[in-house]
**Q** 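Have a look at this one before I ask anything.
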Amino acid sequence: MKKSFRPTSVLQLALIAFALVGVPLIVALVTATLAVDRLATESQQSIRQAARIIDSGRALVEEITAMERSARQFQLLGDAELLDGYRSRRENYLRAVAALALHEFSDEYRRTLADLRAQEQAVFAVLSSQPASSPETADAVARFPAMGDAARRILADSSRAIGQAVENTRRQAAATQRQLSWQALAVIPAALVLAVFGTLLIARPVRQIDRAIRRLGSGQFDDPVQIRGPRDLEELGERLDWLRLRLLDLDAQKVRFLRHVSHELKTPLTAIREGAQLLSDQVTGQLTPAQAEIAAILCKSSMQLQRHIEALLSFNTIVQGLDQPVMPEPVDVGPLLEQVLGDQVVSIKAKGLRIETDPSALTVPGDREQLRVVLDNLLSNAIKYSPPGGRIRVCLRQQDQQAVIEVHDEGPGIDHEERAMVFQPFYQGSAVHNGHVKGTGLGLAITQEYVRAHRGSIEVAEARQGACLRVHLPLAGGSEAEEAAK
């Protein structure tokens, strides 16, 4: 089976597209040039012919008038030398008649011209053979007024014929103009269609490459990269697909590393936490105040480390898609928020923070534990970046069949350039927090995954001071909630 033609490069494809657009325009230009040139040539010929006819017609009238004057002078004076002037004028007359006879006019015009020629020949024969005082000469001279009228009729007929020729030229020019107009109306849309087609041919593989790069940038490595177009762009698509496979392999290695490291750390951490708790509970004996303080620090640090490890495990589970689907249940957000605030009471009191809540009766369908993690991560993030003695406002409200959760702190805020990146795993923003332990950068990433699992969205909202994180979740009973329940 014969393969279809494919350009070898984008340059060749662009040249083919320009050729497709240029050919009809060039054909139209050449056709218009030939039509205008033909019309100009015919117009020039018509003008020259009209000028010759008018000159010949006027010469005919003038020469007959001059011949009549010479003939009457010969009749009155009887001087034979006067006939020489007549003969000279007659030669001009004959040339004018011959010139008029060359043109294609009506039959009546030709008969008039032939009759005029015959009358003049008869008059010249009489003048050449008869005396000046003879009756035949008088009759011959008397024919000149009729000959002059006939010459003027010929001139008038010539003018009408010229007018008709001019009208024919005008109609031909109008027809040529209509032809060129229709041609332009046909060629311009065709050229535009071909231009759009050529643009699509060039833009399609570029858009495919753009979509492939965007998928790779957003971490979607499952779909293979396939580029259809010039061979050089297809080769670039093959390299992008190689990059996709490489990134997929690296991502799998990262997940395996997180799983192994998390599990390897969890076992000794459990022993450290239990040992610190035994020391803190003074099971092994009475502790001095300094020893008790060290044991409390060990307990607190081990708990923080355990939370970080649990965050790694949770993120690893989300990435691998190991969460078992659960049937959504109605979750009252208000009491859940009170539970999360109770869990964070130690951190809140340690920094002297004021918590302002504006709860509403909101019920959303979903997993209670995942929603608790969402609220806990939002509140932990606000506590970490709030200054000592600061204020945190938590607002629950309903908007357009959705539950809206807002957590607003008075910390340094989030730069506009970083707002799209704070939800990426392991991303640490440039803002300096007021905690003692640096986070893992997984809290907001896990929060975003859980919110998406509930058909909701999370964003960084505008705030005059500090940062404001806003979550939208479908309310129970809405169409989105029904879809999520399915």
Side-chain angles (χ1 to χ4, degrees), residues 300 303-304 307-308 310-311 314-315 331 333-360 362 364 368-397 399 403-452 454 456-473:
K300 182 178 179 181
M303 291 179 63
Q304 290 176 345
R307 282 199 296 269
H308 292 333
E310 289 176 352
S314 299
F315 177 73
V331 178
V333 182
L336 188 60
L337 174 62
E338 295 297 331
Q339 176 186 344
V340 172
L341 289 174
D343 296 337
Q344 297 283 354
V345 66
V346 176
S347 300
I348 294 173
K349 289 183 177 180
K351 300 184 70 172
L353 301 177
R354 292 181 294 113
I355 307 297
E356 296 181 1
T357 59
D358 184 15
S360 298
L362 298 178
V364 297
R368 182 179 181 84
E369 178 59 24
Q370 291 185 6
L371 292 177
R372 186 198 66 78
V373 172
V374 169
L375 293 175
D376 185 75
N377 287 340
L378 292 177
L379 190 60
S380 298
N381 190 75
I383 293 172
K384 180 170 63 174
Y385 288 100
S386 293
R391 180 184 61 173
I392 296 176
R393 288 187 290 112
V394 183
C395 177
L396 306 180
R397 55 187 173 86
Q399 178 182 349
V404 180
I405 304 172
E406 289 184 351
V407 179
H408 188 184
D409 60 62
E410 295 180 343
I414 303 174
D415 293 338
H416 285 273
E417 294 79 7
E418 297 180 346
R419 290 186 177 183
M421 297 183 290
V422 294
F423 300 105
Q424 295 180 3
F426 306 105
Y427 179 78
Q428 300 287 339
S430 60
V432 179
H433 63 84
N434 294 283
H436 298 288
V437 180
K438 188 175 181 64
T440 61
L442 292 175
L444 293 181
I446 295 173
T447 300
Q448 185 184 52
E449 294 298 331
Y450 282 162
V451 170
R452 287 178 176 175
H454 286 75
S457 62
I458 183 171
E459 61 180 347
V460 179
E462 293 291 339
R464 294 183 179 179
Q465 180 183 2
C468 179
L469 295 176
R470 181 181 298 155
V471 174
H472 292 264
L473 294 172

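Owing to the predicted nature of the structure, the values given are computational and were not obtained by experimental measurement. One is the number of the first residue; the rest follow in order along the sequence.
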**Q** Working to the nearest 0.5 Å, report the span between CG of Leu353 and CD of Gln344.
**A**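 The CG atom of Leu353 sits 10.5 Å away from the CD atom of Gln344.
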**Q** Report the C-alpha distance between Leu444 and Ile446 in whole Å, list the side-chain angles of each, state the deciding distance to 0.1 Å, and finish with yes or no for side-chain contact (heavy atoms from CB on, under 4.5 Å).
**A** CA-CA 5 Å; Leu444 293 181; Ile446 295 173; over 6 Å; no
**Q** Does the side-chain contact (heavy atoms from CB on, under 4.5 Å) test come out yes or no for Val373 and Tyr450, once each step is laid out?
**A** CA-CA 8 Å; Val373 172; Tyr450 282 162; 3.7 Å; yes
**Q** For a 4.5 angstrom cut-off between non-hydrogen side-chain atoms, does Thr357 reach Leu341?
**A**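 The answer is yes; the side chains approach within 4.5 Å.
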**Q** Would you say the side chain of Leu378 lies within less than 4.5 Å of the side chain of Ile458, judging by non-hydrogen atoms?
**A**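 A side-chain contact exists here, since the closest heavy-atom pair is under 4.5 Å.
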**Q** Hey, could you give me the CG/CG distance between Leu379 and Asp343, rounded to the nearest 0.5 Å?
**A**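 CG of Asp343 is found 9.5 Å from CG of Leu379.
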**Q** Any side-chain to backbone donor/acceptor pair from Lys351 onto Ile383? Under 3.5 Å, distance only.
**A**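 Looks like yes, one N/O pair under 3.5 Å.
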**Q** Atom NE2 in His472, atom CD1 in Ile405: separation rounded to 0.5 Å?
**A**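 If we round to the nearest 0.5 Å, His472:NE2 and Ile405:CD1 are 10.0 Å apart.
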**Q** Find the distance between CD (Glu410) and CD (Gln465) and round it off to the nearest 0.5 Å.
**A**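 That separation rounds to 5.0 Å.
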**Q** Mind listing the closest non-hydrogen atom pair of Val407 and Ala382 along with its distance?
**A**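 That would be CG1-CB, 3.8 Å.
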**Q** If you take all heavy atoms of Ala403 and Leu362, which pair is closest and at what distance?
**A**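 Closest heavy-atom pair between Ala403 and Leu362: CB-CD1, 3.9 Å.
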**Q** What pairs with Glu462 under salt bridge (charged side-chain N to carboxylate O under 4.0 Å, His left out), at least two apart in sequence or on another chain?
**A**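 If we apply the salt bridge (charged side-chain N to carboxylate O under 4.0 Å, His left out) test to Glu462, skipping adjacent residues, the hits are Arg419.
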**Q** Indicate whether the side chain of Ser386 and that of Asp409 have a donor and an acceptor atom separated by less than 3.5 Å.
**A**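 Judged by distance alone, the side chains do not pair up.
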**Q** Report the C-alpha distance between Val394 and Glu356 in whole Å, list the side-chain angles of each, state the deciding distance to 0.1 Å, and finish with yes or no for side-chain contact (heavy atoms from CB on, under 4.5 Å).
**A** CA-CA 6 Å; Val394 183; Glu356 296 181 1; over 6 Å; no
**Q** Verify side-chain contact (heavy atoms from CB on, under 4.5 Å) between Val333 and Leu371, making sure each step is shown before the conclusion.
**A** CA-CA 8 Å; Val333 182; Leu371 292 177; 5.7 Å; no
**Q** I'd like to know if the side chain of His408 and the backbone of Cys395 have a donor-acceptor N/O pair within less than 3.5 Å.
**A**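 Judged by distance alone, no pair lies under 3.5 Å.
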**Q** Find the distance between CD1 (Ile355) and CZ (Arg393) and round it off to the nearest 0.5 Å.
**A**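 With rounding to 0.5 Å, CD1 (Ile355) is 11.5 Å from CZ (Arg393).
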**Q** Can you sort out the partners of Glu406 under salt bridge (charged side-chain N to carboxylate O under 4.0 Å, His left out), two or more places apart, ordered by chain and number?
**A**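 Per chain and number, Glu406 pairs via salt bridge (charged side-chain N to carboxylate O under 4.0 Å, His left out) with Arg397, Arg470.
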